[in-house]
Structures are given as C-alpha cells and as structure tokens.
Amino acid sequence: MRVLLSWLRDFAPIEGDPEQVGDQLSDLGLAVEEVSMLGEGLDGIVVARVLGLRPHPDADRIQLVDVDAGDGEALQVCCGAFNMSVGDLVPLAPLGTVMPGGMEIARRKMRGEWSNGMLCASTEIGLGDDDDGIMLLDTEASPGAALTEALDLRSDVLYDLEVNPNRPDAMSVVGVARDLAARQGLPFAIPEPDVPESGDAAAGRVSVEILDPGLCGRFGLRILDGVSVGTSPRWLANRLNALGQRPINSVVDVSNYVMLELGQPNHTYDLARVAGGAFRIRRAADGEVIETLDGVERTLTAADGVIADGDDVAIGIAGIMGGANTEIDDGTTSVALEMAWWDPMTIATSARRLGLRSEASARFERGCDPGVVELAMRRFAELLAPAGATLAPDLVDARGNLPARETIRVRTDRVNAILGTDLGRDRIADVLQSIEFGAEPAGDDLDVDIPSFRPDSSTEIDVIEEVARVHGYSRIERTVPRSTLTGHLTPYQVDRRTVRSTMAGLGLDEVMPVPFLAPGDLEAAGLTSDGITVTNPLVAEESVMRASLRPGILKTLAYNASHRLTGLGIFEVGHVYRQPASEQPLPDEREYLAVALAGHGAGDAVAVWSALADALAARDYSLVAEAVPGLHPSRTARINVAGTPVGHVGEVDPGVLEAYGVAERVAWLEVDLDRLFDLPHGDRPYAGFSRYPSSDIDLAFEVDEGTPADAVGRCIRESAGELLVDLSLFDVYRGEAVGEGRRSLAFALRLQATDRTLTDVEVAELRQRCIEAVQGSLPATLRG
Amino acid sequence: MDLDLDAHLIDAAAAVADASDLDALAAVDAELLGRKSLLATVRSQLGDMEPDQRKETGRRVHEVRTEIERLVADRRVEVAAGARSVVLEAERLDLTEFDRGRRPGHRHVVTQTWERLEDLFVGMGYTVAEGPEIEDEWHNFGALNFPSDHPARDMYDTLYVDYGEPQSTLLRTHTSPVQIRVMEEQEPPIYSIMPGRVFRSDTADATHMPVFHQIEGLVVDRGITFGDLAGTLDAFTTAYFGSEFTSRLRPSYFPFTEPSAEFDIRRPDGSWLELAGCGMVHPQVLSACGLDPEEWSGFAFGFGLDRLALMRHGIDDLRELFRNDHRFLGQF
C-alpha cells in the first residue's frame, strides 16, 4: 500500500520529518519498504513543445528533436525515445538542471550532434512507473512554464508500506492515518462529504435481493444522475498516479480514489442497461458464462458469486470484476453505484481460480469495513459532483450475514502478564480509544468493542496485540527468562555430530544436494521406482522425493567431474522418504549417511565404515557379502550391527555409474542412522590389559576365493579364546604359489594372559588348536 | 724414565687426536692403555726399582695414564658427535616439499551454522527438537491456527505430496510443526529450538531455493512475556553477532503467534536487517496442543538458517549452498 503524506494529512495533522514518520509507521507494523520524495529536484524542468523530429545522421537508436522551450526558437536535443509526435508537450531538463538522481545536464555531443538538454521519461522525474518513453504532458500550460506549475505538482512524501494480511484497514489512506494519529496523540477525523441530493429517489428505480446471505453481507446501491465520462481534475489524477493507479477517466478514477482513500472497493453500472433495475445476488450456476469488463468470456462455478439483473443474467462476478453488458460508456447518464461486503473466502477462492486478483479482491478477501459504505457512497458522489453528477436520494441497502461482533472483556492483568508491562486500566483504555476501539471500564478490566474496520480483531489476545502495537513494542522492557532446564543435545544428535566429524576427519567433504529427483533417477540408481511424488512440482525434474541419497550424490560427482574436479571423497547426512511397509499417517522417513569415494575401490569404503564403527564404539558388527541392486554385485557387503542390517558397503555398480555419467570407480557406504543409533554402541566399558609379556605368532592359510577372510578370522578368534588380545590380517597373497582361484591369508596373533607369562608349550598348543579349528571348519589349509 | 713418559704423553696425545673414527680410537686406546702398552710395561717394572724411584715413577705412570684416559674419552665424544652429525646431515629434508598433504574434510557450511546455533541455545538452557520433513496438514497448518482455505496459507507456497488424501500431506513449509509435536509430546516447561529443512514452491534464484533451512525456538512456561521474547532475541543477537549489533521488534502477523513481530538487527553501519519472525504463542495453538493458555504462556521465533551462513562468509548466492561444487565445499 502506498500513501502520500499530504493525503494522510487530510485526516490528521501528522507531524515530524519524513524519516521520523517512516520510523513510526514501521514501528506500528506498517513496514516502510521505500520512501520517495516527490516533486523535488524538478525545479529547473520546463514544458517544451516538439517542433520537429529528425533522424540522427549517424545513429539508429537516437533521434534529433527540435523543441520550443518557451522562446519560440528550435532547440536541438538528442533523444533515445521515439514515442512523441510533433506538437506534443514534453518535460525538458535544460542545460544546468540537476536531476533528482544528482546528474547535471550539460551540453554534449552525441555521435557528432549537439544535445542541448534532456527530454524526460516519467520515471526519471519521479512522476510514474511508465518507462515506455518520454512523458507526454496533458496540460494547458505553454512552453517554458515550470513543470511543477503546469502539472500542479507539490512536494510530497510517498511511503510504500508492506501491509500484513490481517490489516485490511491499513489498505486505505484513512487506516494508515488513524494509526499514525494514534501514535502521535493527534486528533483523527474523516471529513463529512458535502454533497446535496436531488432527482428521483433510488428506492423506486433499483431493487436489491440477496439470495445467498452467506455470500454477501451487505449490498448497497445509490444512483448518480447526469454522469458524463470525462477526465479527472489534475490533483486527483496526481494522487492516483503517485499511488500507482494510472488515471483513466473521471468515473473510474473516482472509483479508485474512494477505494484507496477509504478502503471500500466499488463498482458502477450503466443503470439503463440493468434489466428491471434489479440486482439479485446469488451463486453462479456451474458453467454460467459472463463476459467481463476486460472483454474475456469467463466460465463460472457454484463457488463464485454473481450479481444478476432482472432477467437473471449475470452482470458482474461478485467482488472480482463487472460484466461488459452493463459497462459505462459515453452514452451513460445514470449510474448505479455498488458498495458491498462479500464473504472473504468466496472472493479469495474466485480470484485465485479465475486468475483475477485485483486491488478490489485483495481488500474483499481480507475483509472490508461494512460500516464505511454510506460514507464512501457520499464521498464518491462528492468527488464526481464537479463533473456534473448528482446524487439521487436514498440508499438501497440489503443485508446478508455479517460477522457477529461481540463485546470483549479485556483483563488488565492479562494484558500485563502477556506483555510483561505494568499498564493501568486507564492507560490501556486510552491506547485502545486512540484507534477507535470502544473501551468501557468493567471493574479493574475493560469491555472492548471492536470497530467494524478491524475484522482481524475478535478476541482478548487480538486486543492485547493492539495495545502492544500502539503502546510501542520498543517501550516494553526486555527480560531474559531463566530456563529451569539443562540444555543438551539428545544422544541421537550427539551421535550424528560424531558421524559428521569422523567423516570430516577422514578427509571427506559434506555435500547437501536438493532432495528432489527427476522421474527415473531412482531406477537409474538401481532402486525401486515407488518414490513419494510431489503433487505440484515446480519442474518435472524435481517431482520425486529421494528414497535414497545415492542419486543426489552421483549427480554431485558428475557435476564436479564436468568441472574437472575428480577423485572426490564426499558424504551426506540427510533424510530419505519411502512408501511405508504398512499403512501409516506419514511416509517412512529416516536419516541416512552416504559416503562416496570417487576413484577408490570397495576396500576404502570398508575402511571408512570401520573408522565410523570405532568412533561410535559399535562393538559387534559383521560384513556379509550380498548382491544389492545398484551396487557392484561382487564387491558389496551388508553391514550387520548386533545382527541387524544397518546398511551396505562396497562400490557402486558400474552400470549405474555409466547411467549417471560418472567415469570413475566409486567406493560406496550407506548407513541407516536411525537404525544404527538404536543398536548397542557407545560408552565402551574399560577393558583391562595384561602386565605380562605377550607372544606373537603368525598363521597363514590358503583358502578359495569364496571363503571370506572374516570367516577365518572369526574361527581363529573363537578357538584362541581370551588369550588372543590382537588379531590382524596383515597380508593377502594371490599368485602361482597358491594356484588359480585361491589366496593366502596371513594373520598375526598376539597372545597374552592376564595372570602369567605364557610358556612356549602353551603358545604351541594354542597355535595347533587354531590350525585345527580353521582346517576343520573351513576349506582352508595351513600354508607351510 | 721421566723424559720417556713425557715424550710418550706427547706422542699419545697426537695419536689420540689422529684417530678419526671410533674403531681407530679403540685401536689407539688398546695400544696406549692395554696390557702391551708402554705404560703397562713400565708398571710391570716398578717392582725392580728403588723405593723412592718406584714411588715417583708409580705416581708419574698414574698421572700419564689418567691423562691419556681423559684424552681418549674426550676424543671419543668428539668422534661420536661428528659421526652422528654426518648421519643426521645425510637425512636433511626440504620440508616445503611436504606442504601439500593431508587435507581435512569439511562439514557443510549450513551444518556449521546449524551446530553453532544449537550450541548457543544449548548454552542458554534449550534442548534441540526435530521432526519429519514430510508433514501432515494438521501439524503444518491446522494446529498452527491456519483455518483450512485461510488466505494466510497463501503466504506459504506449499508443495504437496501424493500420499493419503489429496492435500493431506506436504513438504513442511516451516519448522513450526515441530513446535506442535514438542508441545503434544512434552509437558511444559519447554525451552527448545527446532532446526531443520523446509520447502517452498519457489524457483531457485540468488535469494530463493525450493529447499532451505530454518531454526525456530519455542519457550512455554509459566509467566512468559513478550518482554522475555524481546530480551531473549536481544541476548541471541549479542551472542551470535557481537555486542556492536542491536535488535528491535516490529509488529507483524502470523496466524500462530499473537502479538506477532518481525525481529530486525541493526548492523554496526546503522542499517537494519530483517532476520526473523516471532511472537507470543497464540492461545489457540496452546489449546490445540492440550495446554491451558491461562496457565501457560510462551513465545516462538524462527530464522532463516541459510542466510546466517551466507552472511557469515559473504556468500552472495543461496544456490551455491546446494550446488556442491568442490571448490565451494572446501572453503569453510
């Protein structure tokens, strides 16, 4: 909402410099997005008449314009716009003028031709938003006249305010003025329109019938006779221009002016074209068609409201746009002026469905003031009176359902308990009365009546907010509540931090791809295609929610590779979303860790897992070879922790890599963190260690490729028992000495007792036991 | 004899000094002090001497022997040090050759900001709550005092998912549904923050992403006031940005808080920056969560987390956070 300081001052003697007023508006919740000083810096600019237009001999984009700047002589100016014709009046900034932006106009040559000044577009002199070319002046003034006088421009301040959706009253000049006057402690009043009534009373000429009281809370009609469509007075057109409404003609301009000033949208019908002078307010029939003022045929539904005439033909869409069939034109003499209160929900739905959101619909859907109708009607007539329009007696008025307004008890203690203030009952009453809320003492408390222009306010807490707002948020003393709790992270959150810091410690960078995928991304990664889909995606490429972190990470690798960034080690911690196994209110959503090591093999992914298991003290895990779709069929293992699967480690399937355009081998780890953190881990109990000497022995076994090293290790561990304090696989040998399809696994064992030094005999026995156990239970032979 | 011993000592000193390594010195040592040395020979002859001469010669032999032993010991230290310095010199390295190695990984700049904020509020006595990113309509809107079809829902460009009834399930548009879940699951007092990922139907540009992150705070206790909200956000401002930053609250509108406010911070250059929405938890919201608004009151606030990350590092394009270019990731 834009407001002019001069317009605000029509209703209250607003004080203060423009900046202070702006700060007060922001502090009232009417955030100032921009302040513009109008009519400043226009002092040197004069009216000039175009005498001739000539092409520039050496440039296509500029032309030479001869103008009369008041002395009757032709003055040559170079100009980049082509929208003017000979005889037009245009604004000229003569040599030496300092423009509003600070630029000084100097005589200069443009491609060899002198330019003796500058012709101005409306945007260059702060007189409009029209950037299409040089401003063409509609004025009686002669060349040489000062522009400010020719256009009756006065210096003014324009505020562009951000109005919150709960404040329809502030979508009007009077609403803003009321708040500001309250803040400044100044009287506020809307002047009574001074308009005589004459002619035939409206009551016998028009009728209103509200067939759907839920649709229309109030429908008022007055008749204006002797209307002729002309142009608006300069002052009115200037104000509309400043507020971003382009002046059109006298009737439309007054309509807009009243809406901007009082917040009441309105519509005018050519009364002669309304069959029977009857206005019937009803829901549209499904499929009912109306041609609206913009010449478009629109098909309605029962969710829309219409105004129909005596023949039950729709002559307007309720609160949205009038019909072409009753449009005012040059032949119009009598006008029916409608001011209504429409059900906000209906208007919101209609406007959205029809794609017709306007200044009027924006006000109706937030809730207009049903109480301003009489005043606004007379204001309309007053403004149109100079053009000869007369106001017929009688307001023809029908009522539907309006929101009930009840008196609200506002407790003084409650106000102070919510705000942390120490305001007395009377101070609260003063604050409320300053914005026209009724406030009557009721013991220590107040009975508050909400004015009709504040539909947002209907409960005690709403009123408390008003007290805070007008009293001033900045005047409320700041305190910090002392939490009675101990702040902490949950064990899950601590574990997740461990995951991230461990990954970073291993040299991996955390990535954060968007969780949207394109159709087919999951399948291309070897995953099932039943991802949760977005109903209204922005683009098809972002229409599937990820069921795995894999596609996003592979895309990240491909993106980086396209910038010659290869060999990346990256990880992500993020949510994945899946169809649940059984019906539940929300999808199965869980948090995963994924790790990709480009240019590395499965072994390096296993090393990452074992570092993570160590960091989390996940004691009991095993890796079990498993073919998983999307992962390398012979280089992938399932990770079990305490016997429960938590993820997979290995490599990405080369076919998947090809599909994603990743040329490197990619080692892969994915872990379901929700599941992992639920399994036994963390806080490893202290394990004592022996003070006695240890003995080291090595054992190498030849096994086939199908026998996991882990199986051999487990067998050794089991048979050696407690005396085995450390076991490591220190060498894997494949070659002629062991033959095709076989390998030698060399383990180092450290043996130690807690209560004695082991004898050579004990060590030899234990060695023999391990050998027999391995050879007995696995297809393995001791390597000599 | 005296002359012989003096000359011997001079010869011996020269021999010791000539020994250039430990082996040579050991040979010299054996020759000068061993059983076949001159000193040993003289010493073996002492018994044949007159008592006076024996005493004098014995003393002299002892002196010479002691002196040679000292020379050998000193020389041994010298030779050993020399030998060690040769070995060490041979191991000389140009350390600048090695200044290229072990690059640590980097947590994402959003994660770093997230955890920094968590730490700050944990220090103020808050816990950290999380919730699902795919939410139901009730938690995202209904419980937060957005009546169905209320125009206020238009403030949020909601992305819905095909799950359950049409428009029943959505990508949460804010982290506020976690507030509801906390109040449903936990008795007051509540001092919690809710960081998380949120979604809007926004086309990506330098300041918008369809995916971004928020952090909200919720306090519900007895006697919580609007002044507490203002004071808490002011304390946050000082702690996070520094004491040269100040803050203000401006009236605003959110369906789930009343009074509602925008939280602005004032930068040292005097300019204001809108940072967060906040307000007193609406009584309807407390009631929807089974709390009596006459007994409990509370405040809530919410920030854009990504913007704090951008501000801290002077990043000018929100999209960089999600593009995952390695040249970006490694900077923080």
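Proteins come first, then strands; the chains are lettered A, B, ... in the order of their sequence lines, and each starts at number 1. Keep in mind that the numbers below use all heavy atoms, side chains included, and drop hydrogens, waters and symmetry copies.
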Look at [options] and state which one has the largest set of heavy-atom pairs under 4.5 Å with chain A.
options                                : result
B:Gly223, B:Pro189, B:Gly330, B:Ala235 : B:Pro189
B:Glu135, B:Gln284, B:Met209, B:Met124 : B:Glu135
B:Arg250, B:Glu133, B:Arg107, B:Glu130 : B:Glu133
B:Gly227, B:Gly164, B:Gly279, B:Ala261 : B:Gly227
B:Gly123, B:Pro104, B:Ser260           : B:Ser260
B:Ala129, B:Gly231, B:Pro251           : B:Pro251

Inspect the contact between [Y] and [X] and indicate whether a charged nitrogen and a carboxylate oxygen are less than 4.0 angstrom apart.
X        : Y        : result
B:Glu118 : A:Arg497 : yes
B:Asp205 : B:Arg319 : no
B:Arg323 : B:Glu320 : yes
B:Glu262 : B:Arg248 : no
B:Glu115 : A:Arg496 : no

task = Taking all non-hydrogen atoms of both residues into account, name the closest pair between A:Asp462 and A:Ser457 and its distance.
result =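 Smallest interatomic distance, heavy atoms only, reads CB-OG, 3.3 Å.
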
query = If you look at every heavy atom in B:Val161 and A:Met545, which pair is closest and at what distance?
reply =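 Reported closest heavy-atom pair: CG1-CG, 4.4 Å.
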
query = Does the B:Asn140 side chain pair with the main chain of B:Asp136, one donor and one acceptor, at a distance under 3.5 Å?
reply =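 Answer holds: no.
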
request  = Spell out, as yes or no, whether a donor-acceptor pair under 3.5 Å connects the side chain of B:Arg266 to the backbone of B:Ser247.
outcome  =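 Such a contact is absent between B:Arg266 side chain and B:Ser247 backbone.
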
inquiry  = Quick check on ring pair (Phe, Tyr, Trp, His ring centres under 6.0 Å): which of B:Tyr126, B:Phe121, B:Phe254, B:Phe256 does B:Phe301 satisfy it with?
reply    =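 Testing B:Phe301 for a ring pair (Phe, Tyr, Trp, His ring centres under 6.0 Å) against B:Tyr126, B:Phe121, B:Phe254, B:Phe256 leaves exactly one candidate, B:Phe121.
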
So which part of [X] gets closer than 4.5 Å to some heavy atom of chain A, the side chain, the backbone, both or neither?
X        : value
B:Thr169 : side chain
B:Phe328 : neither
B:Glu294 : both
B:His213 : side chain
B:Pro293 : both
B:Tyr163 : side chain
B:Leu171 : side chain

inquiry  = Can you tell me how far apart CZ (A:Arg411) and CG (A:Asp413) are? Round to the nearest 0.5 Å.
reply    =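 Interatomic distance, A:Arg411 CZ to A:Asp413 CG, rounded to 0.5 Å: 8.5 Å.
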
[X] versus chain B, the contacting section by heavy-atom distance below 4.5 Å:
X        : answer
A:Ile476 : side chain
A:Leu568 : side chain
A:Leu30  : neither
A:Tyr492 : neither
A:Pro513 : both
A:Thr486 : backbone
A:Ile532 : side chain

Those residues that, when tested against A:Tyr577, pass ring-ring contact (aromatic ring centres under 6.0 Å, His included) (two or more places apart) =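 Per chain and number, A:Tyr577 pairs via ring-ring contact (aromatic ring centres under 6.0 Å, His included) with no residue.
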
query = Out of A:Gly420, A:Gly507, A:Ala417, which one racks up the most heavy-atom pairs below 4.5 Å with chain B?
reply =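 Ranked by contacts with chain B, first place is A:Gly507.
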
key: Interface residue of largest heavy-atom contact number with chain B, from A:Met503, A:Glu465, A:Arg500, A:Glu542, under 4.5 Å   =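 The option with the most such pairs is A:Glu465.
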
task = Mind jotting down which residue pairs meet the salt bridge (Lys or Arg N to Asp or Glu O under 4.0 Å) criterion with at least one end in residues 467-482 of chain A? Sequence neighbours excluded, please.
result =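 As it turns out, the salt bridge (Lys or Arg N to Asp or Glu O under 4.0 Å) pairs with a partner in residues 467-482 of chain A, which skip direct neighbours, are A:Asp179-A:Arg469, A:Glu466-A:Arg469, A:Arg478-B:Asp234.
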
query = Which residues from residues 586-595 of chain A are near chain B, with near meaning under 4.5 Å between non-hydrogen atoms?
reply =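 Heavy-atom contacts from residues 586-595 of chain A to chain B are A:Leu586, A:Pro587, A:Glu589.
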
query = How about residues 558-565 of chain A versus chain B: which residues have heavy atoms under 4.5 Å apart?
reply =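 Residues of residues 558-565 of chain A touching chain B at under 4.5 Å: A:Tyr559, A:Asn560, A:His563, A:Leu565.
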
query = Is any side-chain heavy atom of B:Leu249 less than 4.5 Å from a side-chain heavy atom of B:Phe226?
reply =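 Yes, side chains in contact.
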
With B:Asp157, the side-chain contact (heavy atoms from CB on, under 4.5 Å) member among B:Asp202, B:Thr173, B:Thr203 =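 Only one option passes, and that is B:Asp202.
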
